[in-house]
Novice: 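Below is a structure I'd like to ask you about.
Numbering of ligands and ligand atoms starts at 1, following listing order. Heads up: numbering here begins at 1 and tracks the sequence.
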Amino acid sequence: MSRLKIVVLGKGGVGKSSLTLRFIVDKFIEDYDPTIEDHYIKKVLVDGYYSEVDIADTAGQEEYYTIRNNSAQNADGIILVYSITSLNSFEEAIGIIEEIIIIKEKKIPVILVGNKSDLRKEREVPDTYGKKIEEKYKFIFYETSAKYNVYADEIFFEIIREIRKEKNKNNEKIERKEKKKSCIIL
Ligand code: GDP
Ligand code: MG
């Protein structure tokens, strides 16, 4: 079974740990230490196939986040989180997207997540902002609530699907190349 590396990115306080723990232990932990950066390994069944996922819940970045020397460098997929209650966290997410696109020469699946959808009265980021990014970059976009378990698991299932699709495409390319090679030999 292949291990899929997923990295959860985004500004501090947006709910990266809450979403990750929702998926791993199905609990909402109110005050999770914001400085803890941890990995979780879990076997998950998606669409009839098992995958082992390695989820990196990142923490404690500097003012402006850079993925250059980070675990995101060799990730198979990225869950990029902002909070719908913070325009600033959305802007930071856009900055990270631009960086991902510049740095990653190969296409990497990204799911854009607007978390804290339960805090409707404090909304600063209209859902149309996320939808525009979805259209522009062809990323999947969800609004979630880790607190009330709204689409919290789905974002992990979706990134697994996207990573599998990407890996299959790459495998097909390799197969085709090998077929070509064998033609030359024959
Ligand atoms: P991180 O720094 O991105 O890992 O964020 P945390 O997961 O530690 O969450 C930061 C704060 O937001 C904590 O007080 C959480 O309880 C709260 N929080 C996280 N997700 C939600 C959510 O979906 N709804 C609400 N209302 N609060 C949330
Ligand atoms: Mg955290």
Novice: May I ask you to check whether over 12 heavy atoms, not counting those of K42, lie within 6.0 Å of atom NZ?
Specialist: yes
Novice: Scan K43, R3, R164 and name whichever one has a side chain to side chain donor-acceptor pair (under 3.5 Å) with S51.
Specialist: R164
Novice: Does OH belonging to Y151 count more than 12 external heavy atoms closer than 6.0 Å?
Specialist: no
Novice: Name the closest protein heavy atom to atom 8 (O) of ligand 1, giving the residue it belongs to and the distance to 0.1 Å.
Specialist: Y32 O, 4.0 Å
Novice: What protein heavy atom is closest to atom 23 (O) of ligand 1, reported as residue, atom name and distance in Å?
Specialist: A146 N, 2.8 Å
Novice: Looking only at heavy atoms, is any part of V14 under 4.0 Å from ligand 1, and if so is it the side chain, the backbone, or both, or is it neither?
Specialist: both
Novice: Please confirm whether N115 comes within less than 3.5 Å of ligand 1 when only nitrogen or oxygen atoms on both sides are compared.
Specialist: yes
Novice: At under 4.0 Å between heavy atoms, which part of F28 makes contact with ligand 1: side chain, backbone, both or neither?
Specialist: side chain
Novice: Is there a polar contact between ligand 1 and K147, counting only N or O atoms under 3.5 Å apart?
Specialist: yes
Novice: Would you mind finding which of D118, L119, T58 brings a heavy atom closest to atom 22 (C) of ligand 1?
Specialist: D118
Novice: Parallel, tilted or perpendicular, judged at 30° and 60°: which one describes the rings of F157 and F23?
Specialist: perpendicular
Novice: Quick check: do I133 and F90 have side-chain heavy atoms less than 4.5 Å from each other?
Specialist: yes
Novice: Mind checking whether I29 has an N or O less than 3.5 Å away from an N or O of ligand 1?
Specialist: no
Novice: What protein heavy atom sits nearest atom 5 (O) of ligand 1, and how far off is it?
Specialist: G15 N, 3.0 Å
Novice: Of the listed options (R22, K116, K11), which comes nearest to atom 18 (N) of ligand 1 when hydrogens are ignored and any heavy atom counts?
Specialist: K116
Novice: What are the atoms of ligand 1, with element, lying closer than 4.0 Å to any heavy atom of G12?
Specialist: 2 (O)
Novice: Only heavy atoms count here, so choose which of S18, S89, S83 is nearest to atom 19 (C) of ligand 1.
Specialist: S18
Novice: Got I97 and F139 here, is their nearest side-chain heavy-atom distance under 4.5 Å?
Specialist: yes
Novice: I'd like to know if K131 pairs up with E134 as an ion pair, taking the criterion as any Lys NZ or Arg NE/NH1/NH2 lying under 4.0 Å from an Asp or Glu carboxylate oxygen.
Specialist: no
Novice: Mind checking whether D31 has an N or O less than 3.5 Å away from an N or O of ligand 1?
Specialist: no
Novice: With respect to the Mg ion (ligand 2), please indicate if T58 possesses an N, O or S atom at a distance under 2.8 Å.
Specialist: no
Novice: Got a second to check how far K27's NZ is from L21's CG, nearest 0.5 Å?
Specialist: 10.0 Å
Novice: For the pair K132 and E135, find out whether any cationic side-chain nitrogen is under 4.0 Å from an anionic carboxylate oxygen.
Specialist: no
Novice: Of all the heavy atoms in G13, does at least one lie under 4.0 Å from an atom in ligand 1?
Specialist: yes
Novice: Which residue and atom name correspond to the protein heavy atom nearest atom 15 (C) of ligand 1, and how close is it?
Specialist: E30 O, 3.6 Å
Novice: Where's the contact between P34 and ligand 1, heavy-atom distance under 4.0 Å: side chain, backbone, both or neither?
Specialist: neither
Novice: Before giving the answer on salt bridge (charged side-chain N to carboxylate O under 4.0 Å, His left out), spell out for E158 and R161 the whole-Å C-alpha distance, their side-chain angles and the decisive distance to 0.1 Å.
Specialist: CA-CA 5 Å; E158 287 287 15; R161 288 192 184 106; 3.7 Å; yes
Novice: Before giving the answer on salt bridge (charged side-chain N to carboxylate O under 4.0 Å, His left out), spell out for E172 and K169 the whole-Å C-alpha distance, their side-chain angles and the decisive distance to 0.1 Å.
Specialist: CA-CA 5 Å; E172 276 169 22; K169 261 193 244 162; over 6 Å; no
Novice: Considering both backbone and side-chain atoms of S117, is one of its nitrogen or oxygen atoms within less than 3.5 Å of a nitrogen or oxygen in ligand 1?
Specialist: no
